[in-house]
Novice: 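Sharing a structure, written as structure tokens. Questions coming.
Chain letters run A, B, ... following the sequence lines, proteins first and then strands; every chain starts at 1. Since this is a predicted model, take the numbers as computed values, not measurements.
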Amino acid sequence: MNNPALTEVVISLLLVVASLAITRYWKINVAKDISLGSVRAFVQLIAVGYVLQLVFDIESVWLVLLCLAVMILIGAQAAASRIKGFRGSFAITLLAMTVGSFFTLASMLALNIITMEARYIIPLGGMIIGNSMNATALTLDRLTSDVKNNRLAIETSLALGKSWRVASVGFVRSAATTGMISILNFMKTVGIVALPGAMTGMILAGADPLEAVYLQIIVAYMLLAAVVVTSIVTVELTIRKFFTRFHQLTLND
Amino acid sequence: MSRPILESINLTRTVSIDNKPRTIVDNFSFQFQQGGSYLIIGPSGAGKSSLLRLFNRLDEPTTGTIRFHDKDQCNYSPCKLRRSIGYLFQTPYLFEGSIIDNIRYADSELSDDDITRLTDMVHLRSNLIHSGSSRLSGGELQRVAMARLLAMSPEVILLDEPTSSLDPTHTETIEELIGEIRRKHSVTVIVVSHDPAQALRIGGDALLMVEGRLIETGPVEQIVNNPQTEFGQLYRDRKLS
Ligand SMILES: Nc1ncnc2c1ncn2[C@@H]1O[C@H](COP(=O)(O)OP(=O)(O)OP(=O)(O)O)[C@@H](O)[C@H]1O
Ligand SMILES: [Mg+2]
């Protein structure tokens with residue numbers, strides 16, 4: 001296989017057909033999902049391909065920033081929509097993802113790990129934003145449900161004269177950990193259990209395995225930083241919504 | 001001779017339930033004297049717990065004021081105020097960890113002697129104090145919560161149905177404990193009870209509360225046996241749900 005062209009893509013459709021046949025034979029009712037999924041994957045990815053091509057050709061800082069902003073907006077909206085019964089979640093996911101993503105990208109630029117070029121910023125930014133979206137959604141979800149389910153414990157602390165900060169610190173910490181857990185697990189098993197996508201992609205495209213590994217390590221550390229910052233910003237913004245300035249728990253349900 | 005320690009003036013709390021406003025504490029005015037023993041009685045849903053939450057400043061009044069030592073409660077830091085006006089919830093909650101951990105949570109600087117003094121005060125068996133809080137009986141749990149409350153050396157204690165989950169023998173010992181605490185430590189005690197017989201056993205001044213309002217006050221014997229108001233008589237005759 002050389003660098004794939006449209007012909008290979010079309011031929012690979014045979015695998016979709018095979019999947020359809022197999023599931024039909026076992027009467028697993030996913031034919032519609034398979035067809036729709038395959039078409040969507042095709043259309044969305046081709047569209048992204050053209051957009052990226054355009055962005056790389058124009059090579060404007062503003063265009064790159066615009067792309068990042070759009071990705072963050074869509075991601076923040078998706079993350080917020082996963083949380084039910086919590087007003088103002090979009091503002092939180094948006095701010096947390098923005099801070100997490102820009103902190104990480106800016107650090108990478110400042111440390112000269114990458115340069116301000118669309119071909120670095122866009123794909124790395126995409127990975128960062130995707131991970132930071134999951135982190136903020138998981139963290140926010142965990143913290144809101146923990147606070148609601150532990151009203152008695154929190155108010156017991158408050159009634160014993162503890163500040164809102166002390167009364168909620170355990171839930172804040174475990175929620176932040178929830179947001180970080182998947183990247184931490186990823187780092188523990190990477191290379192042993194599975195080869196990650198970025199590295200696989202580079203190797204397939206003909207890069208040195210070692211070069212691909214270096215990149216993958218950088219990617220892992222970068223995602224770690226993004227997720228840690230996003231989770232912390234999320235809990236810090238969220239927990240304040242639950243308390244008045246008189247250290248009273250307010251559950252607007 | 002005595003002077004007011006806690007005073008509520010036209011205290012009102014309105015909450016919204018299904019977007020409709022509902023007044024759960026309604027224009028409640030009363031002076032609690034230092035060192036006194038008070039019983040708040042009334043049917044379920046009368047707003048007794050809601051009133052204690054306001055005294056502990058866990059909720060904000062909609063209108064009206066609460067004064068502590070002749071000063072508006074807003075002049076105190078909420079955390080300090082809560083340590084002076086200790087509140088034992090209707091369902092006491094213990095944190096994970098040992099009984100000592102739970103008592104120290106109220107004051108991390110307690111010495112071992114302080115802990116012994118507190119556990120003795122609530123008659124908690126000393127061999128229990130290092131064990132976890134999960135296997136305690138209802139009565140023991142209540143005692144630990146009481147010891148933790150006393151660890152803050154509050155001037156007023158608010159006890160919300162302190163025996164509602166206990167059997168008769170435990171109920172009796174907790175009632176005795178309440179009397180002891182009041183006598184020995186000159187604490188102002190405000191007990192919520194739905195049981196008139198218990199109110200009589202504890203003794204003091206009773207406040208009858210119905211639908212958020214203070215209906216009648218006086219010596220507990222009078223309020224329970226010989227009330228002057230229509231609501232009071234209905235309550236005595238158990239005709240208020
Ligand atoms: N935050 C709140 N939102 C809505 N309704 C509330 C709130 N707090 C209390 N209530 C309602 O206010 C009323 C009074 O409740 P409260 O718990 O104070 O009664 P109570 O006298 O302590 O009753 P019980 O003897 O059963 O404990 C109840 O009808 C309750 O449902
Ligand atoms: Mg109650």
Side-chain angles (χ1 to χ4, degrees), chain A residues 83-90 138-139 141-181 235-253, chain B residues 13 15-19 49 52-61 66 73-97 101-108 110 133 141 144-154 156-160:
Chain A
I83 318 299
K84 281 161 199 73
F86 186 79
R87 262 174 276 146
S89 55
F90 177 63
L138 288 171
T139 306
D141 188 41
R142 174 72 186 266
L143 189 56
T144 49
S145 65
D146 269 8
V147 169
K148 285 182 181 170
N149 294 330
N150 292 281
R151 182 177 171 172
L152 184 60
I154 293 172
E155 289 199 321
T156 298
S157 281
L158 294 175
L160 289 166
K162 304 295 176 188
S163 65
W164 67 265
R165 174 61 82 188
V166 172
S168 63
V169 68
F171 304 109
V172 164
R173 286 192 188 131
S174 63
T177 314
T178 306
M180 301 170 191
I181 215 104
V235 288
E236 284 299 328
L237 293 174
T238 309
I239 196 65
R240 288 179 160 72
K241 296 249 173 195
F242 285 111
F243 294 94
T244 69
R245 67 200 163 95
F246 304 122
H247 303 266
Q248 295 155 331
L249 179 63
T250 52
L251 300 174
N252 326 304
D253 43 9
Chain B
R13 179 162 161 87
V15 295
S16 78
I17 301 171
D18 303 327
N19 288 322
S49 300
L52 295 195
R53 287 177 62 85
L54 289 170
F55 288 158
N56 197 242
R57 219 183 175 193
L58 282 176
D59 289 325
E60 238 10 53
I66 294 171
Q73 69 172 0
C74 300
N75 294 326
Y76 298 88
S77 102
C79 301
K80 284 217 180 89
L81 184 80
R82 288 177 191 139
R83 295 180 69 80
S84 303
I85 307 178
Y87 179 14
L88 190 60
F89 293 166
Q90 198 160 352
T91 39
Y93 176 87
L94 297 187
F95 299 101
E96 256 177 58
D101 296 339
N102 267 280
I103 298 175
R104 283 231 163 90
Y105 189 80
D107 181 356
S108 56
L110 290 176
S133 55
L141 198 139
V144 176
M146 194 87 89
R148 187 175 62 184
L149 183 79
L150 294 172
M152 302 189 294
S153 322
V156 178
I157 55 178
L158 313 169
L159 306 175
D160 198 345

Novice: If you look at every heavy atom in B:Leu158 and B:Leu52, which pair is closest and at what distance?
Specialist: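 So the minimum-distance heavy-atom pair works out to CD1-O, 3.7 Å.
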
Novice: Can you find a heavy atom in the side chain of B:Val156 that is under 4.5 Å from one in the side chain of B:Phe55?
Specialist: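 Sidechains of B:Phe55 and B:Val156: no contact.
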
Novice: Hey, are the side chains of A:Val147 and A:Phe243 touching, using non-hydrogen atoms and a 4.5 Å cut-off?
Specialist: no

Novice: With a 4.5 Å cut-off on side-chain heavy atoms, are A:Thr178 and A:Asp141 touching?
Specialist: no

Novice: For chain A and chain B, give me every donor-acceptor pair shorter than 3.5 Å, distances to one decimal.
Specialist:
from     : atom 1 : to       : atom 2 : distance (Å)
A:Glu155 : OE1    : B:Arg53  : NH1    : 2.7
A:Glu155 : OE2    : B:Arg53  : NH2    : 2.8
A:Ser157 : OG     : B:Tyr105 : OH     : 2.6
A:Leu160 : O      : B:Arg83  : NH1    : 3.0
A:Lys162 : NZ     : B:Tyr105 : O      : 2.7
A:Phe246 : O      : B:Arg82  : NH2    : 3.1
A:His247 : O      : B:Arg82  : NH1    : 3.0
A:His247 : O      : B:Arg82  : NH2    : 3.1
A:Gln248 : NE2    : B:Arg57  : O      : 3.0
A:Gln248 : NE2    : B:Asp59  : O      : 3.4
A:Gln248 : NE2    : B:Glu60  : OE1    : 2.6

Novice: Nearest 0.5 Å, what's the CD1-CE distance between B:Ile85 and B:Met152?
Specialist: 10.5 Å

Novice: Under a 4.5 Å heavy-atom cutoff, which of B:Cys79, B:Pro92, B:Pro78, B:Cys74 has the most pairs with chain A?
Specialist: B:Cys79

Novice: Restricting to ring-ring contact (aromatic ring centres under 6.0 Å, His included), what partner residues turn up for A:Phe171, sequence neighbours left out?
Specialist: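 Checked A:Phe171 against ring-ring contact (aromatic ring centres under 6.0 Å, His included); zero matches.
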
